[in-house]
Number of protein chains: 2
Amino acid sequence: MTKISDVAKLAGVSTATVSRILSNPSWGKPETRENVLAAVKELRYKPNALARQLRTQETHTVIVITPNLSNDLFHKIIHSIEQEAAAHGYHVLVADAEGQPSVEEYYLNAIQQRQVDGIISISASAARHLLEKIADHYPLVLVVQSYEECNIPSVKIDNRAASEAITKHLIRIGHRKIAHITSSSDLLLYQERLSGYEKALRDGGIPVDPDLIYRGKGSMDGGFEQMNALLASGKKFDAVTCAGDTIAIGAIAALKARGIRVPQECAVTGFDDIEIAPYFDPPLTTIRQPAEQMGQIAFLKLFSMIKKEKKYDSPTYLPYELVIRKSCGHLL
Amino acid sequence: MTKISDVAKLAGVSTATVSRILSNPSWGKPETRENVLAAVKELRYKPNALARQLRTQETHTVIVITPNLSNDLFHKIIHSIEQEAAAHGYHVLVADAEGQPSVEEYYLNAIQQRQVDGIISISASAARHLLEKIADHYPLVLVVQSYEECNIPSVKIDNRAASEAITKHLIRIGHRKIAHITSSSDLLLYQERLSGYEKALRDGGIPVDPDLIYRGKGSMDGGFEQMNALLASGKKFDAVTCAGDTIAIGAIAALKARGIRVPQECAVTGFDDIEIAPYFDPPLTTIRQPAEQMGQIAFLKLFSMIKKEKKYDSPTYLPYELVIRKSCGHLL
DNA sequence: AAGGTTAATGTAATCGTTTACGTTATGAAT
DNA sequence: ATTCATAACGTAAACGATTACATTAACCTT
């Protein structure tokens, strides 16, 4: 592998000159520039990133930690982080935390070992105090969810309000016995969605019935299983709000398997507006999160922290959108 | 940040001793070990990965290049690569090539700059000669697709045979006028699937009709659009094989939108067996690729190349599985 | 012509490890 | 007691870049 000293030798200059010409477009006299650049081209020189990073103490790389790779919303966000990062000359390392023994360890290792300049955590699942400790020492931004009254920079929608909105829509069009299927994970975002659901019920004068709230895996399998459990319970219900589109899809499949028509006999709503939402039968009524914006803003926040422009920041709330399709039944 | 010399000072030894004790469990006398390890703990020392990598000339990191992150099959593969890599003490860097101006450049940069020890390319889209040139110099493994008679190591299923099998199934249960919707990308894998479809038709004594072959985006949107085009053409058909489950989902949505019942009036098959396949209405008949195995074997191949055990290798063909669900209609 | 400013470049230290090579201590073998 | 092998450890040279500091050259200014 050719190194900078090879280039320097061929161009008849010192390594310092090569380095400067390569990193500062207005440096050196034209003749020298030409020589050096010609040598670079001839030898096909590529700077060794490790050496550079070791010396400059920055990697121009950020790590994105995601609970899994199979969530459509997550990779929309990841993709937009990558776009924005590239625009600033940064690389993105994607870490799939699924199946990782200790997410916390994962978080820290990369940055402590100086392999990345900052962390973006999508839907972080670590304990609050731990995240705060990390944020105290390193640039960290949370996306999709964050803790309340916590000064770790974050970007998200108001999950509670969104969930309330979609539930209120069901009430408005005449549903009363509304169930909720959610994930049993203890992510705050699910608690917030549950809480929005409850608020909508209370505001609509409908008592919250704990027997209509089901928790399980946050996947299609999970939705399928929980809906079967709900059906098996014998409880009556005419609508279900699900805390995610994948859950909703599993739930609808379970209803259909018993010959229950959606939305005529039971309305179902999702959350996230994943790719399949409009193509499913029936198309899902859901909440759309502004994935692109979330990723973009998350990177920009992180970037300004890396550049030491600011350390803390208030959470950014972005607008969500209630997307009404057929799975919730008739509008008024 | 504490460095190795801090540890050495506190433990009263040289940096060489610290380094050796940390990397070789049977080195040094017990007393020294204890001192050093105690110092490490006290100072919370974490080795600087960059410095280590610069010195050892290996990063223990491999890069996985994927055409996009939204394909369920791809992240199953990525996930299994990560699992296997972790078991060998390697990290995985995921590169989403979508929207990248030049995938080729991407391929090379990371490895030329010595940031990774090897490359796994999922469904590579680069030109053959380019891939061969890369493989000549660096460890490279292809997954999901590869070129014929090419000695770049690869892991995949026999796409042609699988496509032939699923098409033959349609013929066996009585379909004659079978269309094919595929991606307009020039990935070999789509050509192979098309070719398997054609072979099945010919073997069944059915002429291949170019007017029944449609190409578009390989997404749900694409399937929707192509099916609409097919319908608009006025051509008669009673079944459609799609080159991917997402295409099939879009296609079915388009059929339903016109009130055409699937599979009664038109059978549809997919490819890949993504998460939603069993939950869709109707559940998709499709080809399951052994994603876990593919990822695992891909990493192992790469690993042996990195360790210089072997350079070239014949492609590994793994068994696929024809998964028959309802979207193709009655079995005999 | 002397002094001063600036541009162009070189020298060598530095980032934080690992490791080849050298030295000393220890103990076994003769 | 001498020799020899081996274990334990230290010294210092890498790895390949960037950059503080020093130097020289060139060009003004008066």
Side-chain angles (χ1 to χ4, degrees), chain A residues 1-40 43-61 89 91 109-117, chain B residues 1-40 43-61 89 91 109-117:
Chain A
M1 213 64 202
T2 63
K3 42 186 168 176
I4 199 170
S5 58
D6 299 329
V7 176
K9 197 177 296 171
L10 180 60
V13 296
S14 75
T15 63
T17 297
V18 177
S19 173
R20 284 189 278 241
I21 284 189
L22 255 31
S23 63
N24 183 346
S26 69
W27 193 91
K29 58 173 158 181
E31 195 195 327
T32 323
R33 284 195 75 77
E34 276 176 36
N35 285 339
V36 170
L37 294 178
V40 165
L43 299 175
R44 293 211 194 85
Y45 168 69
K46 299 271 177 193
N48 179 311
L50 293 175
R52 189 214 303 273
Q53 289 166 11
L54 174 60
R55 172 62 221 234
T56 61
Q57 302 282 57
E58 50 180 21
T59 61
H60 280 242
T61 300
H91 284 150
N109 264 359
I111 195 148
Q112 284 185 339
Q113 301 184 158
R114 302 282 140 172
Q115 305 214 70
V116 301
D117 296 341
Chain B
M1 213 63 198
T2 62
K3 41 187 170 176
I4 200 170
S5 58
D6 299 328
V7 175
K9 196 177 296 171
L10 180 60
V13 296
S14 75
T15 62
T17 297
V18 176
S19 173
R20 284 188 277 240
I21 285 188
L22 255 31
S23 63
N24 182 347
S26 69
W27 195 90
K29 59 175 159 184
E31 195 194 326
T32 324
R33 284 196 77 75
E34 275 175 39
N35 286 339
V36 169
L37 294 178
V40 165
L43 299 175
R44 294 211 194 84
Y45 169 69
K46 300 270 177 194
N48 180 312
L50 293 175
R52 190 214 301 273
Q53 290 167 10
L54 175 60
R55 172 63 219 230
T56 61
Q57 303 282 61
E58 52 181 21
T59 61
H60 280 242
T61 300
H91 284 149
N109 264 358
I111 196 147
Q112 283 185 340
Q113 302 185 155
R114 303 281 139 172
Q115 305 212 71
V116 301
D117 296 341

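To find a chain, count down the sequence lines: A is the first, B the second, and so on, and within it residues start at 1. Every heavy atom of this structure was used, including side-chain atoms; hydrogens, water molecules and symmetry mates were not. Just so you know, these numbers come straight off a predicted model, no measurement behind them.
Atom CZ in B:Arg114 sits roughly 22 Å away from atom P in C:dT17 (whole-Å rounding). What separates NZ of B:Lys9 from P of C:dG16 is a distance of 13 Å, to the nearest Å. Look at CG on A:Asn35: it is 14 Å from C1' on C:dT9, rounded to the nearest Å. Rounded to an integer number of Å, the gap from B:Glu31 CD to D:dA8 P is 12 Å. Put simply, NZ on A:Lys3 is 7 Å from C1' on D:dG16, counting in whole angstrom units. When rounded to the nearest whole Å, the span between CG of A:Asn48 and P of C:dT17 equals 17 Å. Whole-Å rounding puts the B:Leu43 CG to C:dG16 C1' distance at 15 Å. D:dG16 atom C1' lies 16 Å from atom CD of B:Gln112, rounded to whole Å.
In terms of heavy atoms, B:Arg33 sits closest to B:Ser26 at NH1-N, 4.4 Å.
Proximity of B:Arg114 to B:Gln53: side-chain heavy atoms (C-beta onward) are nowhere separated by under 4.5 Å. Within the 4.5 Å cutoff, the side chain of B:Tyr45 has heavy atoms near those of the B:Pro47 side chain. Between A:Thr32 and A:Thr17, some side-chain heavy-atom pair lies under the 4.5 Å cut-off. B:Gln57 has its side chain out of reach of A:Leu50: every pair of non-hydrogen atoms, C-beta onward, lies at least 4.5 Å apart. No side-chain heavy atom of A:Ile4 sits less than 4.5 Å from a side-chain heavy atom of A:Asn48. Contact check for A:Leu22 versus A:Val40: side-chain heavy atoms found under the 4.5 Å cut-off. At a threshold of 4.5 Å between non-hydrogen side-chain atoms, the residues B:Lys3 and B:Thr15 do not count as touching.
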B:Thr61 and B:Asp117: CA distance, side-chain angles, deciding distance, side chain to side chain contact (heavy atoms under 4.5 Å, CB included) verdict: CA-CA 6 Å; B:Thr61 300; B:Asp117 296 341; 5.8 Å; no

Every protein N/O lying under 3.5 Å from an N/O of nucleotides 9-12 of chain D:
| residue | atom | partner | partner atom | Å |
| --- | --- | --- | --- | --- |
| D:dC9 | OP1 | B:Thr32 | OG1 | 2.6 |
| D:dC9 | OP2 | B:Lys29 | N | 3.2 |
| D:dC9 | OP2 | B:Thr32 | OG1 | 3.3 |
| D:dG10 | OP1 | B:Ser14 | N | 3.4 |
| D:dG10 | OP2 | B:Ser14 | N | 2.8 |
| D:dG10 | OP2 | B:Ser14 | OG | 2.9 |
| D:dG10 | OP2 | B:Thr17 | OG1 | 2.4 |
| D:dG10 | N7 | B:Arg20 | NH2 | 2.8 |
| D:dG10 | O6 | B:Arg20 | NH1 | 3.0 |
| D:dG10 | O6 | B:Arg20 | NH2 | 3.1 |

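Scanning residues 50-57 of chain B for heavy-atom distances under 4.0 Å to DNA chain D yields B:Leu54, B:Arg55, B:Gln57.
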